[in-house]
Amino acid sequence: MATTPFAPLLQSIIRHRGVTGVLLVGEDDGLVVDSVLQVGVNGAAFAALTASLYRKARRSAEAAGLGRTGYFELDAVDGRVLAAGKNELVFIVVAEARINVGLLRVELLKAVERLP
Amino acid sequence: MRMSVAASWVEAPLKQFVDDARVHYAVLLHPSGQVLGQYGFARSVDVMTACALAAAIDASSRALGMLVEGKAFPSLHYAGRERQIFLAEVPAPGGRLLLLAVFDWESSLGLLQLYHEEFRARVGEMAPPIAHNAPAIAADFEKELNKNLAVMFGRA
Amino acid sequence: MADDIRALSEALAVDPSSVAFVALAEALRKRGDLDVAARVAAKGVERHPSLVDGHDVRARIALDRQALDEAAASWESVLRLVPDHRDAQKGLGFICFQQGRFAEAAAYLAAVAEQDPDDASVAAALDTVRAAAMAGPRSSAAVTAPVADERERSTTMIPAVEEPAPITASGVAPFARRATWSRADAAILFDDLLTDVPGAAMHLDEAGLVLAGRYLTEDGRDLAAEVGAQLSGVSDEATRAMRHFGFGAWTQIVFETEVASVAMAPVGQGLTLVAAARTVPLGFLRRLLDRAADRIRAWVGE
Amino acid sequence: MSLVNYATREITCKIVYYGPGRSGKTTNLHYIYGQVPSDRKGQMVSLATQTDRTLFFDFLPLDLGTISGFTTRFQLYTVPGQVYYQATRKLVLQGADGVVFVADSQSRQLAENIESFQDLHANLADHGVDARGVPLVIQYNKQDLPGDLILPVAELEDQLNFRGVPSYSADALHGPGVFETLRGISELVLRRLSPTTAGGR
């Protein structure tokens with residue numbers, strides 16, 4: 001269970017159908033700041049690897065002259081990972097493949113806006 | 001790949017760790033400072049220096065951990081401006097070993113922790129129980145030893 | 001290949017005047033070590049200025065590095081030595097086309113076609129060039145001759161962050177939809193998919209090198225190699241992550257930046273990538289990626 | 001624990017210079033460092049205090065060249081001699097393949113020499129190592145000082161060398177004896193890896 005001031009934000013996302021984990025992660029170190037995870041979801045792995053992916057996308061996009069990256073999404077055969085960052089934190093949503101991506105994207109961006 | 005190993009079983013897990021964690025340097029060493037395998041260093045003498053220092057850090061931080069917390073720290077992380085250092089214990093059947101890794105923004109502490117866990121598991125599976133030192137040097141090695149020392153000391 | 005390179009390097013080290021530099025430069029080019037390849041070729045050509053193969057390999061390396069003028073100069077050297085050298089004529093045809101000099105491109109390709117009327121790829125390339133010539137000058141011609149009318153600019157322009165500018169769509173397709181594509185179509189392979197979309201599309205091989213498509217900036221520069229090299233790293237990260245996620249293989253990555261939305265997908269051994277202005281809806285971008293992926297599959301004959 | 005890599009035919013040995021504070025352990029390493037050509041040595045690392053006493057250890061990696069077809073490397077360490085660095089001495093001694101005991105030949109340092117020698121044996125025992133099985137040589141340093149300040153080698157032998165290990169008189173500051181000491185310990189360490197004596201100790 002979430003134990004930090006970020007708990008309400010995490011809870012607002014985890015309640016969506018198909019979401020199996022929500023994590024707030026340091027972008028540079030890939031360590032979990034807070035998380036709400038269903039049983040069996042490897043939070044440390046999602047945190048480290050998604051933060052790394054997000055960081056890579058952000059740096060690559062900047063190097064390619066595309067400016068700051070706001071939203072990131074990885075789709076796979078059996079699941080999706082959504083991420084958005086602010087102030088060196090990355091909000092990560094782990095979900096099943098069949099979800100309403102549009103709705104989750106909007107909810108995620110709203111949650112990120114509310115980060116301090 | 002700039003990798004060298006002192007024991008063949010080290011190569012596969014160390015290579016996997018380097019590939020996964022994308023580190024600049026990685027060294028598996030004995031707590032005494034003896035290198036078992038390394039990636040990234042060009043000169044063997046530099047590896048030995050890194051190992052000596054890593055062993056010293058491990059020894060002193062273990063003692064510090066025992067002093068302040070009653071138990072040793074399982075891993076250490078130092079974040080520099082450009083590069084970071086990760087030093088962690090790797091239990092092996094023949095006794096505890098150490099993993100030293102140096103990385104930059106291409107990797108992260110979270111990734112190092114993740115892949116260190118995998119590395120520990122692989123080492124646990126692959127390391128032999130005890131390292132055997134079979135006879136190696138020819139019985140009449142003294143002549144070569146003297147010659148090499150003389151070269152080193154400019155007496156040749 | 002590494003062994004070949006080592007052997008050739010050693011041969012060249014033993015005898016620096018050897019013509020082994022041609023094979024070495026080619027091997028390095030194939031491996032993607034373009035800077036090293038360029039140095040090897042340049043040194044070799046310096047020693048052997050009348051060696052046709054030396055100029056030829058130098059041109060191909062320059063082309064891979066997107067240094068079109070340098071490639072053209074090398075192939076022109078080839079033609080001075082062997083006036084009917086087919087590869088040089090083809091190469092110059094391709095470069096002229098890239099630079100919007102359609103008439104010159106057509107002339108080079110026609111010369112090749114005359115030598116070998118059965119070469120279907122040359123015939124197809126010639127068709128493409130002539131069709132483009134009839135459709136009028138493309139934006140890339142603006143590199144040397146600025147286009148006055150904004151509407152004539154390319155459809156594939158993404159503004160750089162430093163110089164935000166409105167993205168305009170042109171109504172002129174450089175060529176019509178076709179069922180088959182030739183090697184000469186590499187750069188413009190996706191252009192017709194982008195006629196109504198302010199964006200760019202490209203396909204990268206497994207080494208991150210551009211295989212097809214382009215990424216034109218407002219001023220007409222093709223940044224496909226640079227952008228591709230940067231963004232292909234994201235794909236490597238994704239592949240590594242999937243081993244831990246338990247989600248099976250990754251199928252698509254989408255991200256939004258200040259000025260663009262980018263979508264990419266693994267296709268064959270490579271990576272297909274589309275980028276569009278933020279005004280393009282994400283759903284549409286995904287469709288565009290699917291179409292580009294289909295196009296590349298057809299092009300490589302999968 | 002000498003590391004032997006049969007695949008690449010490499011041997012790496014750890015040699016520790018042990019002894020009381022100010023006996024000249026670091027000076028030995030400095031002299032060696034100064035003599036050895038740069039392609040045969042790494043950077044000398046000294047973790048020293050502001051007053052130049054060894055705080056943790058000095059470290060000098062050496063590439064000895066090929067012996068019996070094996071690329072042979074030595075890692076030379078010193079320990080801090082001062083009594084209060086006991087824990088550090090013990091840590092550095094861990095995994096040593098050979099020990100050079102550097103004794104201070106000055107008469108007034110005899111008690112410190114004996115105490116340090118006992119400390120060496122105690123620390124080896126703490127590591128579960130039988131001191132009699134560890135290659136050891138003794139160096140009587142500062143033999144260049146005036147005769148009235150130092151003890152003769154024979155007397156030092158009586159006091160310290162009850163095991164009858166190889167011993168060398170030395171002037172580490174200027175070099176005499178340094179080479180011979182290193183040669184002596186190298187021979188003992190490598191002899192342990194030779195077929196005639198392996199497993200014999």
Side-chain angles (χ1 to χ4, degrees), chain A residues 18 20-21 30 38 40-85 90 92-106 108-109 112, chain C residues 158-164 199-200 202 208 215 217-218 221 223-266 273 275-278 281-283 285-286 289:
Chain A
T20 56
Q38 283 189 6
V41 176
N42 184 346
F46 275 103
L49 291 159
T50 309
S52 180
L53 260 167
Y54 181 83
R55 196 171 61 239
K56 184 75 181 179
R58 184 176 64 69
R59 285 187 175 244
S60 301
E62 277 172 14
L66 298 176
R68 274 187 298 124
T69 298
Y71 172 76
F72 174 90
E73 181 189 321
L74 170 77
D75 299 345
V77 176
D78 295 320
R80 294 176 196 263
V81 181
L82 285 58
V90 186
I92 296 170
V93 179
V94 182
E96 295 166 359
R98 291 177 180 279
I99 51 160
N100 183 339
V101 183
L103 175 64
L104 266 179
R105 173 178 166 274
V106 171
L108 172 61
L109 293 174
V112 167
Chain C
I158 300 280
V161 177
E162 297 77 22
E163 298 170 34
M202 67 181 97
Y215 190 103
T217 58
E218 252 201 319
R221 285 177 301 136
L223 294 184
E226 290 87 339
V227 173
Q230 292 294 343
L231 297 183
S232 62
V234 180
S235 151
D236 296 340
E237 290 276 333
T239 303
R240 174 178 67 167
M242 298 324 292
R243 191 155 55 83
H244 296 268
F245 288 179
F247 283 171
W250 71 277
T251 53
Q252 205 168 85
I253 288 173
V254 176
F255 56 94
E256 295 173 306
T257 74
E258 280 173 292
V259 296
S261 300
V262 178
M264 59 179 82
L273 196 149
R278 280 291 298 272
L282 271 188
L285 187 72
R286 288 173 195 267
L289 177 63

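Atom set for the values below is all heavy atoms of this structure, side chains included, hydrogens, waters and symmetry mates excluded.
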Could you look at [X] and say if it's the side chain, the backbone, both or neither that has a heavy atom under 4.5 Å from chain A?
X       : result
L231(C) : both
Q252(C) : both
R243(C) : neither
M242(C) : side chain

Among [options], residue most engaged with chain A (heavy-atom pairs, under 4.5 Å):
options                   : value
A238(C), A229(C), A263(C) : A238(C)
E256(C), Q230(C), M264(C) : E256(C)
L282(C), V254(C), V262(C) : V254(C)

With a 4.5 Å limit on heavy-atom distance, are the side chains of [X] and [Y] in contact?
X       : Y       : answer
F245(C) : T50(A)  : yes
S235(C) : W250(C) : yes
F247(C) : V81(A)  : yes

(message) How close do A260(C) and L66(A) get, counting heavy atoms only, and between which atoms?
(response)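 Between these two residues, the closest heavy atoms are CB-CD2, 4.0 Å.
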Under 4.5 Å from any heavy atom of chain C - which part of [X]:
X       : answer
R105(A) : side chain
V94(A)  : side chain
A95(A)  : backbone

(request) Could you tell me the separation between the CZ atom of R58(A) and the OG1 atom of T257(C), rounded to the nearest 0.5 Å? (result)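 That separation rounds to 12.5 Å.
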(request) With rounding to the nearest 0.5 Å, note down the distance linking CD in E73(A) to OG in S261(C). (result)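 E73(A) atom CD to S261(C) atom OG measures 11.5 Å (nearest 0.5 Å).
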(request) Heavy atoms only, distances under 4.5 angstrom: which of A63(A), G79(A), A45(A), A64(A) has the most pairs with chain C? Name it, please. (result)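 Maximum pair count with chain C is reached by G79(A).
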(request) Output the option from R80(A), E96(A), R55(A) having the highest count of non-hydrogen pairs under 4.5 Å with chain C. (result)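 Looking at each of R80(A), E96(A), R55(A) in turn, R80(A) comes out on top.
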(message) Quick one, R240(C) with E237(C), criterion salt bridge (Lys or Arg N to Asp or Glu O under 4.0 Å). Give me CA distance, side-chain angles, the key distance, then yes/no.
(response) CA-CA 5 Å; R240(C) 174 178 67 167; E237(C) 290 276 333; 2.8 Å; yes
(request) Report the residue from V93(A), L104(A), T20(A) that forms a side chain to side chain contact (heavy atoms under 4.5 Å, CB included) with I99(A). (result)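 Of the listed residues V93(A), L104(A), T20(A), the side chain to side chain contact (heavy atoms under 4.5 Å, CB included) partner of I99(A) is L104(A).
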